[in-house]
Amino acid sequence: MWKEFRTFKNKREVSYKQVEIGEEIITFEVAKITDIYVLQYLLKQVYGKSPWSYTVFWIELNKKQNGLYLKALNHGELVGFVGIRIEGSDAHITNIAVLPNFQQKGLGKELLKQAELFAIRKDCLTLSLEVKASNRVAISFYEKYGFFTNGIKPNYYKDNQEDALDMLYVIEENE
């Protein structure tokens, strides 16, 4: 249920959107450079480590025309985020993470919806992402949203040489 919605200020921003997830109110805000350490901390809580360095996050957050990092906050605390980078007609999801105690409650789906909205505003035709081939829970989640496996990227993950599934979501077919 929507509590408040202010439209996109421009083709890049989402501001002060609130959604009720279970009994919690989640507020979405655009991430800033000053959020890098909390984004990394959240990744460590979800995955055991942050696969991205401070520098990589800094570069991503500075792509203001071609990207968006959106934070999900509960009572001012970061509980999830999604990162999107525009690459031609594709909106590539660079990161998506939700704290374990907020998983399977609809927050991940809402973050994907926000990524899709941003992609539509940028005239993109697809959303794409990579996911570890062994991460069956995430793969199932993405498939339920409408993603399909578009290919395999062998030895994609540097830490353990695991393959990644390249997944794609066609916006036109799912509007």
Side-chain angles (χ1 to χ4, degrees), residues 8 10-14 17 19 26 28-31 35-36 39-40 42-43 46-53 55-72 78-99 102-104 106-175:
F8 287 81
N10 61 42
K11 287 192 170 207
R12 176 178 112 59
E13 294 184 15
V14 176
K17 179 180 180 181
V19 64
I26 304 297
F28 296 97
E29 294 179 1
V30 175
D35 294 316
I36 292 174
L39 297 176
Q40 287 183 306
L42 187 137
L43 286 173
V46 174
Y47 300 114
K49 62 184 171 90
S50 176
W52 282 22
S53 69
T55 303
V56 172
F57 266 116
W58 188 87
I59 291 166
E60 285 294 312
L61 288 169
N62 273 303
K63 294 180 179 178
K64 297 185 191 296
Q65 298 296 51
N66 294 323
L68 172 71
Y69 268 70
L70 190 64
K71 304 182 295 184
L78 183 69
V79 295
F81 74 94
V82 64
I84 310 113
R85 180 190 319 128
I86 304 302
E87 298 172 343
S89 64
D90 178 60
H92 184 73
I93 296 174
T94 58
N95 274 299
I96 184 167
V98 174
L99 285 178
F102 281 86
Q103 291 177 4
Q104 299 186 6
L107 180 55
K109 184 176 180 180
E110 189 60 38
L111 287 168
L112 287 178
K113 284 182 187 177
Q114 292 300 319
E116 184 177 2
L117 271 174
F118 181 69
I120 290 168
R121 297 224 185 271
K122 289 291 196 173
D123 299 320
C124 291
L125 303 175
T126 58
L127 288 172
S128 65
L129 56 82
E130 292 91 17
V131 60
K132 285 187 175 184
S134 65
N135 192 342
R136 293 324 225 162
V137 173
I139 293 165
S140 176
F141 168 70
Y142 297 132
E143 287 174 342
K144 285 178 187 167
Y145 193 84
F147 282 83
F148 63 90
T149 300
N150 192 42
I152 297 175
K153 294 182 176 181
N155 305 314
Y156 182 79
Y157 293 96
K158 305 295 180 224
D159 61 337
N160 63 1
Q161 306 305 295
E162 185 174 349
D163 295 347
L165 296 185
D166 180 30
M167 299 193 78
L168 194 66
Y169 173 89
V170 180
I171 294 170
E172 296 175 321
E173 294 177 3
N174 296 296
E175 287 183 336

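Predicted, not measured: the structure shown is a model, and the values here were computed from it.
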Undergrad: Please examine the side chains of Phe28 and Leu111, heavy atoms only from C-beta on, and report whether any two atoms are closer than 4.5 Å.
TA: yes

Undergrad: Could you state the interatomic distance from CD1 (Ile84) to CD (Glu116), rounded to the nearest 0.5 Å?
TA: 11.0 Å

Undergrad: So Leu61 and Ile36, do their side chains get closer than 4.5 Å, heavy atoms only?
TA: yes

Undergrad: Got more than 12 heavy atoms from elsewhere within 6.0 Å of CD, Glu87?
TA: yes

Undergrad: Using a 4.5 Å cut-off on heavy atoms from C-beta on, say whether the side chain of Asn95 contacts that of Phe81.
TA: yes

Undergrad: Within the structure provided, determine whether Gln161 and Tyr156 are in side-chain contact (heavy-atom separation under 4.5 Å).
TA: no

Undergrad: Testing Asn150, Ile93, Leu168 for side-chain contact (heavy atoms from CB on, under 4.5 Å) with Ser128, which one passes?
TA: Leu168

Undergrad: Can you tell me how far apart CG (Leu70) and CD (Glu29) are? Round to the nearest 0.5 Å.
TA: 9.0 Å

Undergrad: Rounded to the nearest 0.5 Å, how far apart are CG of Leu43 and CH2 of Trp52?
TA: 9.0 Å

Undergrad: Carefully, step by step, assess Lys71 and Asp35 under the rule salt bridge (Lys or Arg N to Asp or Glu O under 4.0 Å).
TA: CA-CA 9 Å; Lys71 304 182 295 184; Asp35 294 316; 3.2 Å; yes

Undergrad: Is the charged tip of Lys132 near the ring of Tyr157: under 6.0 Å from the six-membered ring centre and within 45° of its axis?
TA: yes

Undergrad: Counting N and O atoms only, with roles assigned by atom type, does the side chain of Asp163 sit under 3.5 Å from a partner on the main chain of Asn155, one being a donor and the other an acceptor?
TA: yes

Undergrad: With heavy-atom distances below 4.5 Å as the criterion, would you say the side chains of Ile26 and Leu107 are in contact?
TA: yes

Undergrad: Should the ring pair Tyr69 and Phe57 be called parallel, tilted or perpendicular, given that the plane angle runs from 0 to 90° and is split at 30 and 60?
TA: perpendicular

Undergrad: If you round to the nearest 0.5 Å, how far is CG of Asp166 from NZ of Lys153?
TA: 4.5 Å

